[in-house]
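Here the structure is laid out as structure tokens; the discussion comes afterwards.
Chain letters run A, B, ... following the sequence lines, proteins first, then strands; residues in each count from 1.
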Number of protein chains: 2
Amino acid sequence: MNLKELATKLGLSPTTVSRALNGYPEVNEATRERVMAAAKRHNYRPNTRAIRLATGRALAVGHVIPLATRHEIVNPIFADFIAGAGETYSRNGYDMILSVVPDEAEEQAYRDLKSRGSADGVILHAPRMNDPRIPLLHEIGLPFVVHGRATGAELPYSWVDVNNRRAFQRATEFLLDLGHARIGLVNGLEFMDFAIRRRTGYVDALAGRAMPIDPALMSSDEMTEISGYRAASAMLDAPAPPTAFLVASMISGMGVRRAIEERGLKLGRDISVIIHDDDLSYMKNGGDVPIFTATRSSVRDAGRIAAEMLLSLIAQPGAGPEHRLLEAELIIGQSTGPAPRSPAPKV
Amino acid sequence: MNLKELATKLGLSPTTVSRALNGYPEVNEATRERVMAAAKRHNYRPNTRAIRLATGRALAVGHVIPLATRHEIVNPIFADFIAGAGETYSRNGYDMILSVVPDEAEEQAYRDLKSRGSADGVILHAPRMNDPRIPLLHEIGLPFVVHGRATGAELPYSWVDVNNRRAFQRATEFLLDLGHARIGLVNGLEFMDFAIRRRTGYVDALAGRAMPIDPALMSSDEMTEISGYRAASAMLDAPAPPTAFLVASMISGMGVRRAIEERGLKLGRDISVIIHDDDLSYMKNGGDVPIFTATRSSVRDAGRIAAEMLLSLIAQPGAGPEHRLLEAELIIGQSTGPAPRSPAPKV
DNA sequence: TTTCGCATCCAAAGCGGTTTGAAATCGATT
DNA sequence: AATCGATTTCAAACCGCTTTGGATGCGAAA
């Protein structure tokens, strides 16, 4: 059942039917109702392909996911972000298209999205410092919203981000207040912007209290269980081990905990841990009392917000860039406690 | 730059240019080369919207993700599957469209995908017993491939699945061989088909050795860290605790481990654990020696295979359903060992 | 020389909607 | 009765590609 058939059946022109369905004013209310009723009765759905061609809009938003060497992005955090964004898209009649491409094809993927007309805009994931994709998207002329920020970018752009610096600064200060003097940082990859900001927060907090900053207590790697385990193990086995850890994610946190417990130490008593908690649905940080003390900010919400921002950007191409800085909550859980009197026992 | 402009520039008709670019035989080789060269030079990309309308194909594959109450599906396993499938799609010039919809809108989502013409086929995720979506998709006439199987489905369908029954049977037998007599099952939700099969494998193995089957040792819940923790905690605190666990996923496995270590027990010595390992990229089960003994099968590969199957199904609509049963490897790691002489000490 | 078949190329008709420009209707105004 | 403006409807062009059904030109066969 298409527009033309429906129009014939109603004894109307396609023009009028189209207008009736799309709420244009120049159609008699009685006619409109007749059309609406017939459309419903015959279960008419306009063909998206035709709409897209006729209007020149894609009615779709793209997410490009580079793969291969750098698979960092296909992670659980990304999945939750997508879930949040996807919700917003389907509520607004937009499709979400995911482009999973090899690393080196990322630029071409964005160009194709534009030139082949399959997306009206994109969300930029995992921004790095001086991210080249920002000038690229400007050049291409594809509206976009960045999830995170890209320090060093000269051109203006819209973004949604968590205040990573402040979150980690607060977390560090919280540990310092508990008397911890040696705090290990188990960070994400530090070419990622958010990781840089987190380290800044950590460093700032230490500097603010005139505490020494020890490179041996700062590690940076992918946010996997294994990486967390390795980083924590190395620091715990070093001559002057930390009494607390600041960890980039729930997942690396699991690895850190494994390293701690494997050494016969008790979490929250011998060693304190604060993680950043993206509030992932299948990886909830505890029920009544959270497992981990954490800086929490829902990445799914961030997805929703970024999607809304992008849709409004697409609707009003003239509008200037928007920004949204989300603050993380500091959630107190079971994994932190006062610093032990003597350094944690070595095994 | 569109077809018509390119044709004018070349002094050819759009027909010929189109044919030249699409490899049709009725065009002079010299002309074809001239066209190809011009296309490249002017950086011509055919407009996908127009192709879709003209050919009646969507050049896209849909994945419907029900949300809300049942958020089980937006999980890390799903993310890796998507990554695998997405790779295949973009290699073949297909788009992947993700439809994140409220639970109750799932049926409509499939209908819309078809009637509005936005997808040529879909992948069906997380099949349940007698899954109603299988007859639905048959009725709609949308080609599909199921990731997993749906016991009880009467209509034929294509699927890609892991031999879950055999994997869990082997794992159980492995534990029995080590002398474990009480093995706890920490399963996924048992309205999901894969979870049913896994339980069957577990039960079959016990029955095969004439071992008692104790309902107190069988739990079923979402595959989250918390659920794993709770299930294992409950069993460990019961009067006759298990000496080994069989666990549905890496993530629940982390929770199980937490429960074990929290009780001062040592993994692989006091309590043995085997998990099912989907070989997730950011949750690798160890380096040289895996953390967990596991039944391993890459869900990303499954995604690739399912996508290929679907694309060939779309290409040859006549072809009968295809099936692909993947076998899981049994990987020996550090989490299993002989059953302790006496039951594990209670705390 | 005419005819035929083949290799090339093209005009035009879709695909299923939207949108422009104009026509038809009708009550109100002159 | 003629004019006017507002309301309502429609025919046709258009979006950018594919594809059908010819044209055209040319060498080989008759």
Side-chain angles (χ1 to χ4, degrees), chain A residues 1-36 38-39 42-60 93-95 112-120 315, chain B residues 1-36 38-39 42-60 93-95 112-120 315:
Chain A
M1 172 64 55
N2 59 21
L3 227 212
K4 205 183 293 180
E5 287 171 25
L6 188 64
T8 315
K9 230 177 260 286
L10 281 162
L12 289 169
S13 75
T15 309
T16 305
V17 176
S18 167
R19 287 189 165 144
L21 293 173
N22 292 314
Y24 282 77
E26 56 272 84
V27 45
N28 192 309
E29 267 317 310
T31 313
R32 186 193 305 280
E33 276 166 30
R34 211 157 59 84
V35 171
M36 292 292 215
H42 293 94
N43 199 15
Y44 166 74
R45 310 260 153 199
N47 183 310
T48 327
R49 294 194 282 258
I51 296 183
R52 293 198 225 262
L53 180 57
T55 61
R57 302 185 304 156
L59 293 175
Y94 270 70
D95 280 345
D112 284 359
L113 241 31
K114 170 70 177 191
S115 61
R116 308 183 20 170
S118 23
D120 295 321
Chain B
M1 171 64 56
N2 59 20
L3 228 211
K4 204 184 294 181
E5 288 171 25
L6 188 64
T8 314
K9 229 176 261 286
L10 280 161
L12 288 170
S13 75
T15 311
T16 304
V17 175
S18 167
R19 288 190 163 141
L21 293 174
N22 292 315
Y24 283 77
E26 56 273 82
V27 45
N28 191 311
E29 268 316 312
T31 313
R32 187 193 305 280
E33 277 166 31
R34 209 157 60 86
V35 172
M36 293 290 217
H42 293 94
N43 199 14
Y44 166 74
R45 309 263 154 197
N47 183 310
T48 327
R49 295 195 283 257
I51 295 183
R52 293 198 225 262
L53 180 58
T55 61
R57 302 184 305 156
L59 295 175
Y94 270 71
D95 280 346
D112 284 359
L113 240 31
K114 171 70 177 189
S115 63
R116 309 182 21 170
S118 26
D120 295 321

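- Here dA11(D) presents its C1' atom at 15 Å from CG of Leu3(A), a figure rounded to the nearest Å.
- Distance alone, capped at 3.5 Å, is enough to place a donor-acceptor pair between the Thr55(A) side chain and the Ile51(A) backbone.
- Here the side chain of Asn28(B) pairs a donor or acceptor atom with the backbone of Ala30(B) at under 3.5 angstrom.
- The distance between atom CG of Leu21(A) and atom P of dG16(C), rounded to the nearest whole Å, is 16 Å.
- Proximity of a side-chain donor or acceptor of Arg49(A) to a complementary backbone N or O of Gly56(B) within less than 3.5 Å is detected.
- Using a 4.5 Å cut-off on side-chain heavy atoms (C-beta onward), Asn43(B) and Met1(B) make no contact.
- Distance CG (Leu59(A)) to P (dC15(D)): 18 Å, rounded to an integer number of Å.
- Considering only side-chain N and O atoms, Tyr44(A) lies nowhere under 4.0 angstrom from the phosphate OP1 or OP2 of dG16(C).
- At distances below 3.5 Å, at least one donor-acceptor pair connects side-chain atoms of Thr8(A) with backbone N or O atoms of Lys4(A).
- Proximity of Asn2(A) to Leu6(A): side-chain heavy atoms (C-beta onward) are nowhere separated by under 4.5 Å.
- Interface residues of residues 46-56 of chain A facing DNA chain D, ordered by number: Leu53(A), Ala54(A); criterion, heavy-atom separation under 4.0 Å.
- Contact check, Asn22(B) against dT18(D): a side-chain N or O comes under 4.0 Å of OP1 or OP2.
- Judged by distance alone, the side chain of Asp120(B) and the main-chain N or O of Leu59(B) form a donor-acceptor pair under 3.5 Å.
- Axis orientation changes by 80° from one end of the helix from dT1(C)-dA30(D) to dT30(C)-dA1(D) to the other, with each end axis drawn from 5 pairs and the value rounded to 10°.
- Counting heavy atoms from C-beta outward, Tyr44(B) and Lys9(B) have side chains that stay 4.5 Å or more apart.
- Here dG17(C) presents its P atom at 10 Å from CE of Met1(A), a figure rounded to the nearest Å.
- Donor-acceptor pairing under 3.5 Å is lacking for the side chains of Ser18(A) and Thr15(A).
- Between Arg52(B) and Asp95(B) there is a salt bridge, since at least one side-chain N of the basic residue sits less than 4.0 Å from a carboxylate O of the acidic one.
- Rounded to the nearest 0.5 Å, atoms CD (Glu5(B)) and NE2 (His42(B)) are 9.5 Å apart.
- Of the side-chain N and O atoms in Ser13(B), none sit less than 4.0 angstrom from OP1 or OP2 of dC9(C).
- Without hydrogens or angle criteria, Thr48(A) side chain to Arg116(B) main chain gives a donor-acceptor distance under 3.5 Å.
- Rounded to an integer number of Å, the gap from CZ of Arg116(B) to C1' of dG17(C) is 13 Å.
- When the C1' atom of dC10(C) is taken as reference, atom CG of Leu10(B) falls 15 Å away, rounded to whole Å.
- A straight line from CZ of Arg57(A) to P of dG17(C) spans 15 Å, rounded to a whole angstrom.
- Distances shown here put every side-chain N or O of Tyr24(B) at or beyond 4.0 Å from the OP1 or OP2 atom of dC9(C).
- Using a 4.0 Å cut-off, some side-chain N or O of Thr16(B) falls inside it from OP1 or OP2 of dC10(C).
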Shorter than 3.5 Å, N or O on both sides, protein versus nucleotides 20-24 of chain C: list them out with atom names.
| from | atom 1 | to | atom 2 | distance (Å) |
| --- | --- | --- | --- | --- |
| dT20(C) | O4 | Arg19(A) | NH2 | 3.4 |

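- Rounded to whole angstrom, the span from the NZ atom of Lys4(B) across to the P atom of dA13(C) amounts to 14 Å.
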